[in-house]
Amino acid sequence: MRLFIAINFNAETRSRLVTLRDELRSDSTKGRFSAPENLHLTLVFLGECNEKQAASAKAAMDAVEFKPFTINIGSVGRFRRSGGDIWWAGVNDSLQLIILYNKLTKKLTEFGFQIEKRKFSPHITLGREIITKASPRRFKEFGQTIDKIELMKSERIAGKLTYTAIHDTKAYSSP
Ligand code: ATP
Ligand code: MG
């Protein structure tokens with residue numbers, strides 16, 4: 001199974017992201033745009049895993065402690081690609097998010113995963129293979145509290161890209 005660890009969003013954040021996606025789409029002549037239910041922030045891409053590795057991923061997640069924190073989304077940008085760019089909503093700098101990422105990758109490494117060394121650049125993909133007249137921009141941020149991370153299975157079901165949460169680890173809330 002193909003796995004990744006992600007932050008998923010509440011209905012309000014999702015709907016704001018869909019608005020960003022729709023604005024981008026209306027400025028574009030080409031692109032594959034993310035389905036609303038697929039909008040997410042990838043923390044770590046694990047790739048193809050067997051049952052044992054999936055169990056390790058769950059254990060690694062559960063060994064990470066974090067408190068609820070806020071993330072803010074305040075920009076739209078792109079990764080240049082030949083044949084059409086990847087466009088994303090950008091997450092404003094968040095020390096708590098970086099700390100969570102660092103704790104998670106450390107645990108995953110202890111559990112035998114090889115994590116890519118590439119710098120973590122938190123983003124929410126709005127679409128791929130996009131040709132557009134839009135420009136990267138900043139806007140007044142919107143945000144939400146993050147209180148869990150989820151292990152996601154990625155698969156094609158009847159041709160449709162489908163993500164399913166198969167495990168979650170909750171932030172601890174002090175009394
Ligand atoms: P598709 O590949 O069908 O266009 P997708 O990229 O959303 O769709 P997956 O390839 O299963 O689906 O990826 C799941 C998540 O992991 C996505 O957020 C994707 O951007 C991210 N991801 C995929 N491959 C990598 C990789 N090699 N390195 C880092 N992140 C990745
Ligand atoms: Mg992919």
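Below, all heavy atoms of this structure are taken into account, side chains as well, without hydrogens, waters or symmetry copies. Indexing begins at 1, ligand by ligand and atom by atom, following the structure's order.
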Q | Residue pair L100 / N102, side-chain heavy-atom distance below 4.5 Å | A | no
(Q) Enumerate the side-chain hydrogen bond (donor to acceptor under 3.5 Å, both in side chains) contacts for residues 46-59, please, sequence neighbours excluded, ordered by first and then second residue. (A) none
Q.
Between T13 and Q144, is there a side-chain donor-acceptor contact under 3.5 Å, judged purely by atom types and distance?
A. yes
**Q.** For R81 against G84, the heavy-atom pair lying closest together
**A.**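 Where R81 meets G84 most closely, the heavy atoms are CB-O, 3.1 Å.
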Q: Enumerate the residue pairs fulfilling ring-ring contact (aromatic ring centres under 6.0 Å, His included) with a member in residues 22-61, sequence neighbours excluded, ordered by first and then second residue.
A: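 Sorted result for residues 22-61: F4-H40, H40-Y163.
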Q. Could you give all pairs that pass the ring-ring contact (aromatic ring centres under 6.0 Å, His included) test and reach residues 91-116, with sequence neighbours left out?
A.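 Non-adjacent pairs meeting ring-ring contact (aromatic ring centres under 6.0 Å, His included): Y101-F120.
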Check ligand 1 for close polar pairs with the protein: N or O on both sides, less than 3.5 Å.
| unit_1 | atom_1 | unit_2 | atom_2 | d |
| --- | --- | --- | --- | --- |
| ligand 1 | 3 (O) | R156 | NH2 | 2.7 |
| ligand 1 | 4 (O) | R32 | NH2 | 3.4 |
| ligand 1 | 6 (O) | R128 | NH2 | 2.8 |
| ligand 1 | 7 (O) | R128 | NH2 | 3.3 |
| ligand 1 | 7 (O) | Y163 | OH | 2.2 |
| ligand 1 | 10 (O) | R2 | NE | 3.4 |
| ligand 1 | 10 (O) | R2 | NH2 | 2.7 |
| ligand 1 | 11 (O) | R2 | NE | 2.7 |
| ligand 1 | 11 (O) | S154 | OG | 2.6 |
| ligand 1 | 12 (O) | Y163 | OH | 3.4 |
| ligand 1 | 18 (O) | H40 | NE2 | 2.6 |
| ligand 1 | 18 (O) | T42 | OG1 | 2.5 |
| ligand 1 | 20 (O) | R128 | NH2 | 3.4 |

